2 protein chains.
Amino acid sequence: MIMRHGGWCWKKHGFKECGLRKTQAREALIKLLSQTEGHLTAEEIFWKLKEVLPGIGLATVYRTLELLTQLGIIKKLDFQEGKARFEFIKQEERDHHHLICKVCGKIINYTPSEEYQVLKDLTEKIEKDFDFKVETLEIQAYGVCKDCKRS
Amino acid sequence: MIMRHGGWCWKKHGFKECGLRKTQAREALIKLLSQTEGHLTAEEIFWKLKEVLPGIGLATVYRTLELLTQLGIIKKLDFQEGKARFEFIKQEERDHHHLICKVCGKIINYTPSEEYQVLKDLTEKIEKDFDFKVETLEIQAYGVCKDCKRS
DNA sequence: GTCTTTGCAAAACGTTTGCATGTTC
DNA sequence: GAACATGCAAACGTTTTGCAAAGAC
């Protein structure tokens with residue numbers, strides 16, 4: 001098992017202090033995802049990393065993605081495609097959501113402005129009605145995008 | 001391919017008129033899901049149907065689930081478990097959402113009242129800001145449920 | 001030197017498909 | 001009897017795992 005010390009460690013301390021090692025694969029994967037706008041699948045990440053680290057294996061990509069997800073550095077996404085996608089968590093768009101076009105499959109990021117009251121209201125209502133502590137609210141809007149509406 | 005006539009047919013006409021046949025498997029599956037509160041996986045459905053139709057195969061379950069999803073009779077759900085879940089679409093809770101407990105995995109249905117303005121506002125804002133036609137809005141709240149908060 | 005991480009190949013998992021057989025209309 | 005639906009087994013694509021070798025500290 002990879003996470004010997006639990007997710008809390010990396011968040012409070014550093015990579016080293018948690019018994020985790022800085023390796024080429026991990027650094028390259030973080031670099032790649034932090035510089036990527038879109039949402040990549042594990043295999044797309046694998047092939048992109050191959051350009052930098054030709055010897056890398058797919059298993060390492062999966063293990064690293066799992067690790068970084070646990071650490072809260074990246075986010076695993078599911079758009080009902082039968083495979084996962086991953087994205088780097090940027091501070092400024094921590095709680096953003098997705099619009100998915102049913103026609104062309106395009107995925108659009110939606111970052112509500114910090115003070116968008118509607119989502120706070122919704123969260124509060126859920127917490128009160130169900131006595132449920134909401135940690136993350138995920139919203140997907142499935143529909144038809146601008147370009148596909150025209151054609 | 002199962003859907004020779006497209007989803008539009010069943011919605012406008014009947015089962016028969018669309019060249020679809022009423023079979024034991026389809027009737028049993030609709031009956032099962034319409035009487036089930038929770039969200040079942042394909043395999044759970046398979047084993048429950050086995051009690052009624054011992055000869056049924058898993059492939060038929062998958063094919064029927066796909067068919068009924070296309071027809072808009074049931075809904076396919078994804079809670080990031082690596083497998084799909086299915087639920088019957090009840091008229092009175094057409095656009096309901098889900099609260100998922102990260103601790104015990106329990107899934108709670110959340111049906112906002114018809115006139116809940118917050119969701120209409122959100123939908124309108126998305127449609128205006130992105131020129132995107134929203135067909136369905138899916139919301140998942142991941143967090144900790146009542147029972148798990150106490151223990 | 002010790003413990004962690006890796007690559008490889010094989011396995012596991014949920015799901016889909018080809019095809020001969022069975023069912024429905 | 002013609003068209004559709006089924007069961008079975010095999011195939012599929014994604015993800016996980018066991019293990020020996022390589023790498024980080």
Side-chain angles (χ1 to χ4, degrees), chain A residues 1-6 9-10 13-30 39-47 49-50 52-71 73-74 76-86, chain B residues 1-6 9-10 13-30 39-47 49-50 52-71 73-74 76-86:
Chain A
M1 181 52 191
I2 285 180
M3 287 299 300
R4 262 160 269 252
H5 304 277
C9 181
W10 163 254
H13 312 87
F15 235 101
K16 276 192 212 167
E17 290 86 337
C18 306
L20 292 172
R21 294 178 176 175
K22 268 213 171 90
T23 65
Q24 292 185 54
R26 285 169 186 180
E27 290 194 281
L29 183 24
I30 292 178
H39 317 83
L40 303 179
T41 64
E43 214 180 331
E44 285 166 354
I45 291 166
F46 171 64
W47 288 112
L49 286 184
K50 271 242 166 204
V52 187
L53 302 171
I56 199 168
L58 186 53
T60 301
V61 172
Y62 274 103
R63 279 187 280 230
T64 308
L65 288 170
E66 166 69 15
L67 175 68
L68 296 178
T69 302
Q70 297 273 7
L71 296 177
I73 294 172
I74 65 174
K76 189 176 183 178
L77 304 166
D78 196 305
F79 300 126
Q80 323 239 36
E81 303 168 294
K83 59 191 156 190
R85 291 183 177 269
F86 297 86
Chain B
M1 182 50 191
I2 284 180
M3 287 298 301
R4 259 161 272 251
H5 303 278
C9 182
W10 162 254
H13 312 87
F15 234 102
K16 276 191 211 167
E17 291 86 337
C18 306
L20 292 171
R21 292 177 178 177
K22 270 214 170 90
T23 65
Q24 292 184 55
R26 286 170 185 180
E27 290 195 279
L29 184 23
I30 291 176
H39 317 84
L40 303 179
T41 64
E43 214 181 330
E44 284 166 354
I45 291 166
F46 171 64
W47 287 112
L49 286 184
K50 272 240 167 208
V52 187
L53 301 171
I56 199 168
L58 187 52
T60 300
V61 172
Y62 274 104
R63 278 188 281 231
T64 307
L65 288 170
E66 166 69 14
L67 175 69
L68 296 179
T69 302
Q70 299 272 6
L71 296 177
I73 294 172
I74 65 174
K76 188 176 183 178
L77 304 166
D78 196 305
F79 299 125
Q80 322 241 37
E81 302 169 294
K83 60 191 155 190
R85 290 183 178 271
F86 298 85

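Residue numbers start from 1 in every chain, and the chains themselves are labelled A, B, ... in the order their sequence lines are given, proteins ahead of strands. Quantities reported herein were computed from a predicted structural model and do not represent experimental measurements. Atom set for the values below is all heavy atoms of this structure, side chains included, hydrogens, waters and symmetry mates excluded.
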Novice: Please figure out whether A/Ile56 or B/Glu81 has its closest DNA chain C nucleotide nearer the 5' end.
Specialist: A/Ile56
Novice: Select one nucleotide: of C/dT17, C/dG14, D/dT6, the one nearest the side-chain heavy atoms of B/Glu43.
Specialist: C/dG14
Novice: Testing the basics here: between A/Arg85 and A/Glu44, what is the closest heavy-atom pair and its distance to 0.1 Å?
Specialist: NH1-OE1, 3.7 Å
Novice: Which nucleotide sits closest to the side chain of B/Ala84: C/dT15, D/dC8, D/dT15?
Specialist: C/dT15
Novice: Closer than 3.5 angstrom, by distance alone: can the side chain of B/Arg26 be matched with the main-chain N or O of B/Arg21 as a donor-acceptor pair?
Specialist: yes
Novice: Any side-chain heavy atom of A/Leu29 sitting closer than 4.5 Å to one from A/Ile74?
Specialist: no
Novice: Return no unless some side-chain N or O of A/Arg26 is found under 4.0 Å from OP1 or OP2 of C/dT5.
Specialist: yes
Novice: Just how far, in rounded Å, is C1' of D/dG13 from CZ of A/Phe46?
Specialist: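 A/Phe46 atom CZ is separated from D/dG13 atom C1' by 15 Å.
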Novice: Return the value, rounded to whole Å, for the distance between atom NZ of A/Lys76 and atom C1' of D/dT16.
Specialist: 11 Å
Novice: Of the non-hydrogen atoms in A/Leu58 and A/Phe46, which two are nearest, and what is the gap between them?
Specialist: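 Looking at all heavy atoms of both residues, the closest pair is N-CE1, 3.4 Å.
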Novice: Figure out the CG/P separation between B/Leu53 and D/dC8, and round it to whole Å.
Specialist: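 Those two atoms, CG and P, are 12 Å apart.
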Novice: Side chains of A/Leu20 and A/Leu67, heavy atoms from C-beta outward: is any pair under 4.5 Å?
Specialist: yes
Novice: Find the distance B/Ile45:CD1 to C/dT15:C1' and express it as a whole number of Å.
Specialist: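 B/Ile45 atom CD1 is separated from C/dT15 atom C1' by 13 Å.
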Novice: Could you tell me which non-hydrogen atom of B/Ile56 sits nearest to which non-hydrogen atom of B/Ala25, and how far apart they are?
Specialist: CD1-CB, 4.1 Å
Novice: Are the side chains of A/Thr64 and A/Thr60 in touch, meaning some heavy atoms are under 4.5 Å apart?
Specialist: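 Yes. Closest side-chain heavy atoms under 4.5 Å.
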Novice: Can you give me the N/O atom pairs linking the protein to nucleotides 23-25 of chain D at distances under 3.5 Å, or say none if there are none?
Specialist:
unit_1	atom_1	unit_2	atom_2	d
D/dG23	N2	A/Arg21	NH1	2.8
D/dA24	N3	A/Arg21	NH1	3.0
D/dC25	OP1	A/Lys22	N	3.4

Novice: Quickly work out the A/Glu44 CD to D/dG13 C1' distance and round it to whole Å.
Specialist: 14 Å
Novice: Between B/Val61 and B/Ala42, which heavy-atom pair has the shortest distance, and what is it?
Specialist: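 That closest heavy-atom pairing would be CG1-O, 3.8 Å.
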Novice: Which listed nucleotide (D/dA5, D/dG7, C/dT6) is nearest to the side chain of A/Ala25?
Specialist: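 Nucleotide nearest to A/Ala25's side chain: C/dT6.
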Novice: With a cut-off of 6.0 Å (strictly less than), are more than 12 heavy atoms of other residues, nucleotides or ligands near NZ of A/Lys22?
Specialist: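 Counting neighbours around NZ of A/Lys22, 12 or fewer heavy atoms of other residues, nucleotides or ligands fall under 6.0 Å, so no.
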Novice: How bent is the helix from C/dG1-D/dC25 to C/dC25-D/dG1, measuring the angle between the end axes built from five pairs each, rounded to 10°?
Specialist: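 Result, rounded to 10 degrees: 30°.
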Novice: Given C/dG7, C/dT15, D/dT16, identify the nucleotide with an atom nearest to the side chain of B/Leu58.
Specialist: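 Of C/dG7, C/dT15, D/dT16, C/dT15 is nearest to the side chain of B/Leu58.
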Novice: Heavy atoms from C-beta onward define the side chain here; which of C/dC8, D/dT14, C/dT15 lies closest to that of A/Tyr62?
Specialist: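 Comparing C/dC8, D/dT14, C/dT15 against the side chain of A/Tyr62, the answer is D/dT14.
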Novice: Count the heavy atoms belonging to other residues, nucleotides or ligands that lie under 6.0 Å from CD of B/Gln24, then report whether that count exceeds 12.
Specialist: no
Novice: Tell me the interatomic distance from B/Glu66, atom CD, to D/dT6, atom C1', rounded to whole angstroms.
Specialist: 17 Å
Novice: Expressed as a whole number of angstroms, how long is the span from A/Arg63:CZ to D/dT14:C1'?
Specialist: 15 Å
Novice: Whole angstroms only, please: what is the CG-C1' distance between B/Leu29 and D/dA5?
Specialist: 14 Å
Novice: Ignoring the backbone of A/Lys83, work out which of D/dT6, D/dA9, D/dT15 is nearest its side chain.
Specialist: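 Per side-chain heavy atoms of A/Lys83, the pick is D/dT15.
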